[in-house]
Amino acid sequence: MMIPLVNPLNLSQTCFRCAELVRNRRRIVHGYGDANADFLFIGEASGKKGADLTGVPFTRDVSGLRLQRLLIRLGLSQETDARCESPRLINCYVTNLVRCNPPENRNPTHTEIENCQPYLVEEIQRILPKVVIPIGNFATRWVFRKYRGISSEPIMRIHASVFEGTPFTIVPMKHPARISHRMLAEIEAALRQFMASLQS
Ligand code: SF4
């Protein structure tokens, strides 16, 4: 059986819980990649110039290109060109906290995050990742509250830090739209170290 690139877990494509996002979105964008992945990246929401157009999280826009370059360098993507809009990921799954594009790429509201979280929880339950990389403040706050029962510190303070624990290790990452070369190198080093620990 052919496994679809996007939404391999076959989550619902007919969701109308967030009225404003339903009016604004071009499509619902669920996660994609390896459904048995050790590495799970979680962004904030589908981007207006990226996933909302391509249907694939973290493609086409600046954030997408930066994340795809990182995945290629880490060996988590089979591609060699970060502009590929149907990346074949290896041991890696990429998704978002909110699956529809908010107007003008505004921040998702508390209600929208609550509405959409069952999809992310289901992805996590089925993938059972060893490490989760929440991208940006919203995804980081959600992951710490949901899976550690605590508030997280601001992303600027904990970017590329490694938080071991159950049910997975957490390595927060600053949003690639606003990341420096130094911070990209830091997250790459932290994830390489985690990869090495998996192999030892
Ligand atoms: S953001 Fe999530 S919960 Fe809201 S309409 Fe889209 S898919 Fe449904």
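In each ligand, atom 1 is the first atom listed, and ligand 1 is the first ligand listed.
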Problem - Partner of E112 under salt bridge (Lys or Arg N to Asp or Glu O under 4.0 Å), chosen from R99, R17, R106 - result: R106

Handout entry: Side chains of T54 and E85, donor plus acceptor under 3.5 Å
Key = no

Handout entry: Donor on one side chain, acceptor on other, N91 and D34, under 3.5 Å
Key = no

Handout entry: Hydrophobic cluster membership, Y32 vs F41, 4.5 Å side-chain cutoff
Key = yes

Exercise for the section: Anything protein N/O/S under 2.8 Å from atom 6 (Fe) of ligand 1? Just list residue and atom, please. Expected result: C100 SG

Exercise for the section: Identify, with sequence neighbours excluded, every residue that meets ring pair (Phe, Tyr, Trp, His ring centres under 6.0 Å) alongside F138. Expected result: none

Practice task
Would you mind running through ligand 1 and noting each atom that sits below 4.0 Å from a heavy atom of Y119?
Solution key: 7 (S)

Practice task
Provide the closest heavy-atom pair for E123 versus T95 in the form atom of the first, atom of the second, distance.
Solution key: OE1-OG1, 2.8 Å

